[in-house]
> 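Have a look at the structure that comes next, please.
No experiment lies behind these values; they were computed from the predicted model shown. Numbers here are sequence positions counted from 1.
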Amino acid sequence: MVFAQPPYCDAMVPYGGKSSRPPPTLRVVTWNIRAAIGPGEPFPPAWWRHVSPERLERIAAILTELDADVATLQEVTIMTPNGAVHDQPAQLARLTDRSVRYAAAHAYPLIEPETGRTIGSAMWGNAILTRDSIADGFALGLPRAANDDLVEPIEADHPLAGVRYGDTDPGHREPRCLVGGRAAGITIATTHLSYVGRMQRRRQVQAGRAAADALPGPLVLTGDFNASIAADELAPLRDVLVDAFAAVGVAPTDPARASCGS
């Protein structure tokens with residue numbers, strides 16, 4: 001079985017078909033760490049100035065205290081503001097004494113909002129920390145909306161409802177990816193789906209489902225899905241995977257599922 005400890009996001013494990021033998025006991029943590037910026041919405045301008053080495057160390061300390069076999073993390077950055085290299089996947093691996101796998105689907109410039117000057121670049125991606133080394137690693141870029149696709153947010157009164165993606169900020173269809181591999185005899189994968197647009201998320205879920213179908217089991221899929229576990233766009237996953245939190249008695253409405261912020 002899978003044990004999930006705070007902070008929580010959505011987690012899923014296989015249900016039937018993949019293997020006739022139950023998987024070994026495995027403790028899994030999943031956490032959107034917001035690049036060690038800290039909680040709050042929206043992201044601050046020049047967000048890279050708010051990344052805190054001390055907060056990253058606290059995140060690592062929490063992960064160490066939880067002593068998970070696997071920690072899957074979203075919004076993990078590698079960036080170079082003013083030539084300073086910040087490699088969070090490598091730092092977290094060192095601080096937690098774990099092996100790391102990392103993937104990002106794109107990189108973009110860091111531009112000072114006051115002057116418009118480009119001072120470096122950054123990647124946002126997903127990381128997996130494991131007690132043992134990850135074998136057969138893989139990364140998969142997920143589909144993005146086309147220019148003429150219409151934004152379909154969950155809220156009908158959302159200001160972007162019905163707007164063409166081509167007429168919105170590029171960040172609304174930021175490239176997303178899935179990263180994974182084999183550890184402790186189990187396939188581990190994690191992702192971070194688009195935050196606006198149900199159809200965009202559905203296409204990403206369908207791509208993830210196709211990848212899951214081709215992976216050897218048992219399989220643990222985690223991530224920040226930017227949708228409730230019962231959302232329509234997650235149906236392709238629910239067809240073959242079971243909600244791990246529900247399996248251990250944590251209902252979808254349980255406050256324990258809420259992220260504690262980083």
> For the pair Gln74 (side chain) and Asn126 (backbone), establish whether a donor and an acceptor sit closer than 3.5 Å, ignoring hydrogens and angles.
no

> May I ask you to say whether Arg164 pairs ionically with Asp148, meaning some side-chain N is under 4.0 Å from a carboxylate O?
yes

> Short question: side chain of Thr96, backbone of Ala60 - any donor-acceptor pair under 3.5 Å?
no

> Check Arg131 with Asp69, please: is the shortest side-chain N to carboxylate O separation under 4.0 Å?
yes

> Is a side-chain N or O of Ser99 found less than 3.5 angstrom from the main chain of Ile134, in a donor-acceptor match?
no

> Would Leu95 and Val76 show up in the same hydrophobic cluster when neighbours are defined by side-chain heavy atoms closer than 4.5 Å?
no

> What is the minimum heavy-atom distance between Leu140 and Ala211, and which atoms define it?
CD2-CB, 3.9 Å

> Determine whether Arg202 and Glu152 satisfy the following criterion, salt bridge (Lys or Arg N to Asp or Glu O under 4.0 Å), listing intermediate values before the conclusion.
CA-CA 11 Å; Arg202 178 177 288 275; Glu152 294 180 289; over 6 Å; no

> Between Arg203 and Asp149, is the closest basic N to carboxylate O distance under 4.0 Å?
yes

> Can you tell me how far apart CZ (Arg201) and OG1 (Thr191) are? Round to the nearest 0.5 Å.
12.0 Å

> Counting distance only, does the side-chain N/O of Arg209 pair as donor-acceptor with the main-chain N or O of Pro236 below 3.5 Å?
yes

> Check whether any side-chain N or O of Arg238 sits under 3.5 Å from a backbone N or O of Ile229 as a donor-acceptor pair, and report yes or no.
yes

> What do you reckon, is CG of Asn82 surrounded by more than 12 foreign heavy atoms closer than 6.0 Å?
yes

> Is there a donor-acceptor contact under 3.5 Å from the side chain of Thr115 to the main chain of Arg117?
yes

> Is a side-chain donor or acceptor of Arg55 paired with a backbone partner of Ala35 at a separation under 3.5 angstrom?
no

> To the nearest 0.5 Å, how far apart are OG1 in Thr80 and CG in Asp87?
11.5 Å

> Within the structure provided, determine whether Ile62 and Trp31 are in side-chain contact (heavy-atom separation under 4.5 Å).
yes

> Establish, yes or no, whether the cationic atom of Arg34 lies under 6.0 Å from the six-membered ring centre of Phe43 and within 45° of the ring axis.
yes

> Salt-bridge test for Glu57 and Arg94: reply yes if a basic N is under 4.0 Å from a carboxylate O, no otherwise.
no

> May I ask you to decide if Leu193's main-chain N or O and Arg176's side chain share a donor-acceptor pair within less than 3.5 Å?
yes

> Arg98 side chain to Asp132 main-chain N or O, any donor-acceptor pair under 3.5 Å?
no

> Does the salt bridge (Lys or Arg N to Asp or Glu O under 4.0 Å) test come out yes or no for Arg198 and Glu155, once each step is laid out?
CA-CA 10 Å; Arg198 288 172 292 172; Glu155 307 89 351; over 6 Å; no

> Given side chains that start at C-beta, do those of Thr222 and Val29 come closer than 4.5 Å, heavy atoms only?
no

> Hey, are the side chains of Tyr165 and Asn147 touching, using non-hydrogen atoms and a 4.5 Å cut-off?
no

> Could you check whether Glu65 pairs with Arg58 (Lys NZ or Arg NE/NH1/NH2 to Asp/Glu carboxylate O, under 4.0 Å)?
no

> Working to the nearest 0.5 angstrom, can you tell me the gap between Leu237 CG and Asp243 CG?
11.0 Å

> Do side-chain atoms of Ser194 reach the backbone of Val196 as a donor and acceptor pair under 3.5 angstrom?
no

> If you group Ile, Leu, Val, Met, Phe, Trp and Tyr by side-chain heavy-atom gaps below 4.5 Å, do Trp124 and Ile111 land in one group?
no

> Side chains of Val100 and Leu92: closer than 4.5 Å at any heavy-atom pair?
no

